[in-house]
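Let me begin by presenting the structure, written as structure tokens, before commenting on it.
Residues: numbered from 1 along the sequence shown.
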Amino acid sequence: VNPLPVANVTGNPSICNGSSTSFNVGFTGTAPYTYTYSNGTTTYGPFTTSNNPEIIAVSPMVSTSYTVLTVNDANCVGSATGVANVTVNQIPSAVLTGTAAICFGQSTILNISFTGVAPFSYTYTNGTTTFGPLNTNNSSLNISLSPGTTTDYSLVAINDANCPGTIAGNVTVTVNS
């Protein structure tokens, strides 16, 4: 008498949108194993493997739960347990804006607007010096500046709590004498 095979799904990875990850399916029974799995919408397989565990690479665009639907080993039809919940974090962004002209000796405000999940880490530059990485929990941030000469400011990098992000905006602060 052969014991019934079991496929056990494990793994709850988090990824950034556009990335890939994997989850494991561990088997009991006698290899080779034939299985199908699903993301709740599409069924994949059947696949046959002697790997134990089988590592399944996935690249979902939204958070997705994966389960094994069917499993057979060399002798019998079996059952599946477990769920791999893949969390897909969206890519954050930051936009730099500000006042274009000031008089010598005055200050101006640069604003950085963030989307994503706080806290945010950001780095900006004036073309000569890089400032950061700096951190904030706010979705909008003002930076007070008093450049002595006309200066270009731009973002270098941004990360939220989960992923690196995209940056936009360049502010030239013209200093009038």
>> The test is side-chain contact (heavy atoms from CB on, under 4.5 Å); show your working for Thr67 and Leu69 and say whether it passes.
In response: CA-CA 6 Å; Thr67 57; Leu69 299 177; 4.0 Å; yes
> What do the steps show when you test Thr130 against Thr123 for side-chain contact (heavy atoms from CB on, under 4.5 Å), and what is the final call?
Replying inline: CA-CA 7 Å; Thr130 299; Thr123 304; 3.2 Å; yes
> What's the verdict on side-chain contact (heavy atoms from CB on, under 4.5 Å) for Thr21 and Val86, showing C-alpha distance, side-chain angles and the deciding distance?
Replying inline: CA-CA 8 Å; Thr21 189; Val86 177; 3.8 Å; yes
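Contact check for Cys16 versus Pro164: side-chain heavy atoms found under the 4.5 Å cut-off. For the pair Met61/Val88, no side-chain contact is recorded, criterion being any heavy-atom separation below 4.5 Å from C-beta on. Here the side chains of Ile56 and Val25 are in contact, with some heavy-atom distance below 4.5 Å. In this structure, the side chains of Ser14 and Asn89 come closer than 4.5 Å at one or more pairs of heavy atoms. Annotation: side chain of Val68 is not in contact with side chain of Ser38 (no heavy-atom distance under 4.5 Å). Taking the side chain as every heavy atom from C-beta outward, Asn176 and Thr174 approach each other to under 4.5 Å.
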Donor-acceptor pairs under 3.5 Å, side chain of residues 134-147 to any protein atom, not counting sequence neighbours: which ones?
from	atom 1	to	atom 2	distance (Å)
Thr136	OG1	Asn138	N	3.1
Ser140	OG	Asn111	ND2	2.9
Asn142	OD1	Asn111	ND2	2.9

Let me check something: any side-chain donor-acceptor pairs from residues 91-100 under 3.5 Å, sequence neighbours excluded? List them with distances.
from	atom 1	to	atom 2	distance (Å)
Ser93	OG	Thr115	OG1	2.6
Thr99	OG1	Thr108	OG1	3.4

Under 3.5 Å, sequence neighbours excluded: what are the donor-acceptor pairs made by side chains of residues 26-34?
from	atom 1	to	atom 2	distance (Å)
Thr28	OG1	Val6	N	3.0
Tyr33	OH	Gly29	O	3.2
Thr34	OG1	Thr48	OG1	3.1

What pairs of donor and acceptor atoms, side-chain ones from residues 152-160 against any protein atom, are under 3.5 angstrom apart with sequence neighbours left out?
from	atom 1	to	atom 2	distance (Å)
Asp152	OD1	Thr172	OG1	2.3
Asp160	OD1	Asn162	N	2.7
Asp160	OD1	Cys163	N	2.7
Asp160	OD2	Val117	N	2.9

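Annotation for Val77: hydrophobic cluster partners, listed by chain and number, are none (ILVMFWY side-chain heavy atoms under 4.5 Å, direct or chained). Hydrophobic clustering, defined by side-chain heavy atoms of Ile, Leu, Val, Met, Phe, Trp and Tyr closer than 4.5 Å, leaves Val1 isolated from every other such residue.
In the hydrophobic clustering of this structure, Val58 does not group with Val83; members are Ile, Leu, Val, Met, Phe, Trp, Tyr whose side-chain heavy atoms approach within less than 4.5 Å, directly or through other members. In this structure, Tyr124 is a member of the same hydrophobic cluster as Ile102, with clusters built from ILVMFWY side-chain heavy atoms closer than 4.5 Å.
For Tyr122 and Phe114, the ring centers are positioned less than 6.0 Å apart.
Each side chain to side chain donor-acceptor pair (under 3.5 Å) pair with one or both residues in residues 56-66, not counting sequence neighbours, appears once here: Ser65-Asn85. Applying the disulfide (SG to SG under 2.5 Å) test to pairs two or more places apart or on separate chains, none has a residue in residues 40-156.
Of all heavy-atom pairs spanning Asp73 and Pro3, the tightest one is OD2-O, 4.3 Å. Among all heavy-atom pairs drawn from Asn39 and Thr41, the shortest one is OD1-N, 2.8 Å.
In Phe131, the CZ atom is crowded: over 12 heavy atoms of neighbouring residues, nucleotides or ligands sit closer than 6.0 Å.
For Thr128, the side-chain contact (heavy atoms from CB on, under 4.5 Å) criterion is met by Asn126, not counting sequence neighbours. Listed by chain and number, the residues in a side-chain hydrogen bond (donor to acceptor under 3.5 Å, both in side chains) with Thr70 are Thr36 (sequence neighbours excluded). With sequence neighbours left out, the side-chain contact (heavy atoms from CB on, under 4.5 Å) criterion links Pro53 to Asn24. Under the rule for a ring-ring contact (aromatic ring centres under 6.0 Å, His included), the partners of Tyr44 that lie at least two apart in sequence or sit in another chain are Tyr37.
Using a distance-only test at 3.5 Å, with no hydrogens or angles considered, a donor-acceptor pair links the side chain of Thr125 to the main chain of Gly127.
Relative ring orientation between Phe47 and Tyr35 is described as tilted, the plane-to-plane angle lying within the 30° to 60° band.
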